[in-house]
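Scroll down for the structure; my scribbles are underneath it.
In the text below, chain A, chain B and the rest are named by the order of the sequence lines, each starting its count at 1. None of these values were measured; they are calculated from a predicted model.
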Amino acid sequence: MNSRHALLALLAGGLALAALPWLLSDFLLALALSCVMYAGLAVSWSMFCGPTNYLSLATAAFFGLGTYVTAWGAGALPYGLSVLAGGLVAAGFAALIGAAVLHLRGAYFAVITFGMGELVRHGITYYEKAFEGTVGRIIAEAPESTTVYWMVLLVSMGAVAAAVLVRDHRLGLALRGIGSDEERAQTLGVNARRSKIAAFALSAFFAGALGAAMAVRWTYIDPLTVFNPFIGFQTVLIAMVGGAQTILGPIASAVVFGLLTEFLRLQFPYLFLVILGFLLILLVLYLPGGIASLFERWRWRRGNV
Amino acid sequence: MSEPLLAARGVSVRFGGLVAVDGVDLDVRAGELVGIIGPNGAGKTTFFHTLSGVLAPTAGRVLVGGDDLTGKPPHAYAAHGVARTFQTPRVFKEMPAIDNVRFGLEFAGRTRQHAHDAFDEAETILEFLGLADVAAVPAGGLTPSRQRLLEIGMALGARPRVLLLDEVAAGLTHAEVDASAQLIRRVRDELGLAVVWIEHAVRVLMNYVERVAVLHQGRKIADGDPRAVAKDPAVVEAYLGEEGEPERRAA
Ligand SMILES: Nc1ncnc2c1ncn2[C@@H]1O[C@H](COP(=O)(O)OP(=O)(O)O)[C@@H](O)[C@H]1O
Ligand SMILES: [Mg+2]
């Protein structure tokens, strides 16, 4: 499928999803919102981490920064602008720290990106205590829940469109080369540092914008809630289970996870987490390409008969 | 004489106490096909690392097309037209063979147009190397000798002005070596490339190059016409006990 077909399919899917507020109850719409948000987060995570084989745990930091942009700008900025600003702040932050830590690999990179999230969280807590006298803030005026849904849908569709374009253009090829053998890619003319920073920042833009769009769902925002590491872990899990090398994999996986989380967590809260943990271990050990790689294998076999 | 396309000036590389490359000078001009020989561990590969930006020399300078690139990252060398192969093939294993060749065309090769267009298509390059039938196969699934050929294809994809080949003939059959050598001569003739070709096995190289340099314990001990170099007492000495007299093997 080339870019144009993929983007047309995305547009069709997006339009269909945009009609959901007229079809679903409030409860189901909230569920759809959560699925769409995780799809956007997982696709933006995979955009950088899939082809390069980097394990970033910074999603929570980007997401949290986005929510804080909305919280700080609430009242002053229109909703749409907050979302844009949230994305830009997260992208700028990603570019800055990316320049400092993207030469690290593997566990070092994972740990340091996780640490970054904690750093931002404590930094904001400290700032609020020292200069504002309170921790956390209240968002007084929130848009309608349908508006939030459409905004999150728009940002997630933007993430998918960006992922398609990156995949099919030189940046995607550069990232795959970097993931496969960074030095070899450099000897063939890839400016690895620049490519990695650009893709990392682009991926952070969507996480930040999603945080900014979701912020209005909470009336009370505090660092502990919005820099929740669980959001980051869940994103990584969804992307890896779905197959971070693909775009459809993380989307499908986000939907399944969204539904499972909602229904199973209510009924078997602990068993659910145990099953998730096992699933992750099994996948990492036996199916590092995620569920999507099963389909690739199947298609490949069929093509060879 | 024209200005050298590639110039190493007193290049040295130190690994802790070990001097792997020791003050090597080398000038390569457009259209030249230069061989570098030397026993195992002589510093040939390390020297290539410095010529391609993979390793910064601890002393000395590297100039490409007159520009001093010492200390610059590998992509700067690639942008200046230096392309290389690796002794142990470093193909992009998950990518189809054709994408491995396309890679250089998309990056280093993008800004440079050759006089001839014969090597501007990934398909053509694969065909020249006899790899057309495996274009769609992930490179990691190719036999080691075919990965070695693909390494040459990747480097050609970068549309080089200087081509650095590190033991590309190792493990190939006689016919394959001959075909690769023909190809290398042909791109050199058609595109006016400068080619530097390392080979551990002296005999392979001597038949194909017009000039040969000899590295021994990191130092360049000879540089010139292959027949003259093969008779050089210092060279004979360096190769004694290693693999016999180079002259006899070259014959
Ligand atoms: N990264 C490294 N660290 C330490 N020593 C090295 C390194 N790479 C090469 N060497 C040493 O440098 C010397 C030259 O190696 P090399 O350039 O690979 O020789 P050649 O290619 O001529 O066989 C050898 O003694 C080798 O062990
Ligand atoms: Mg070597």
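One finds the CG atom of B:Asn100 at 7.5 Å from the OG atom of A:Ser180 (value rounded to the nearest 0.5 Å).
If you measure heavy-atom distances from B:Met154 to chain A, the contacts under 4.5 Å come from both the backbone and the side chain. Residue contact with chain A, scored on non-hydrogen atoms closer than 4.5 Å, is absent for B:Tyr77.
Residues meeting the side chain to side chain contact (heavy atoms under 4.5 Å, CB included) test with A:Ser56, sequence neighbours left out: A:Trp45, A:Cys49, A:Ala58, A:Phe109, A:Thr113, A:Phe200.
B:Phe86 places none of its side-chain heavy atoms less than 4.5 Å from the side chain of A:Asp181.
Looking at A:Arg184 and B:Glu151, a side-chain N of the basic residue comes within less than 4.0 Å of a carboxylate O on the acidic one, giving a salt bridge.
Residues of residues 170-177 of chain A lying under 4.5 angstrom from chain B, judged on non-hydrogen atoms, are A:Arg170, A:Leu173, A:Ala174, A:Arg176, A:Gly177 by number. Identified by a heavy-atom distance below 4.5 Å to chain A, contributing residues of residues 61-73 of chain B are lacking entirely.
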Practice prompt. Begin from the C-alpha positions of A:Glu183 and B:His49 and carry the test side chain to side chain contact (heavy atoms under 4.5 Å, CB included) through to its verdict.
Written response: CA-CA 11 Å; A:Glu183 198 170 74; B:His49 287 342; 5.9 Å; no
Worksheet item: Passes side chain to side chain contact (heavy atoms under 4.5 Å, CB included), B:Phe107 versus A:Val190? Steps please.
Response: CA-CA 6 Å; B:Phe107 295 100; A:Val190 171; 3.6 Å; yes
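B:Arg188 CZ: more than 12 foreign heavy atoms inside a 6.0 Å radius. Heavy-atom neighbours of A:Arg194 CZ from other residues, nucleotides or ligands within 6.0 Å: at or below the threshold of 12.
For the residue pair B:His75 and A:Gly189, the shortest heavy atom distance occurs at CB-C, 3.8 Å. Residues A:Leu188 and B:Ala158 approach most closely at CD2-CB, 4.2 Å, considering heavy atoms.
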Between side-chain atoms of residues 125-139 of chain B and protein atoms elsewhere (two or more places apart, or another chain), which donor-acceptor pairs fall under 3.5 Å?
none

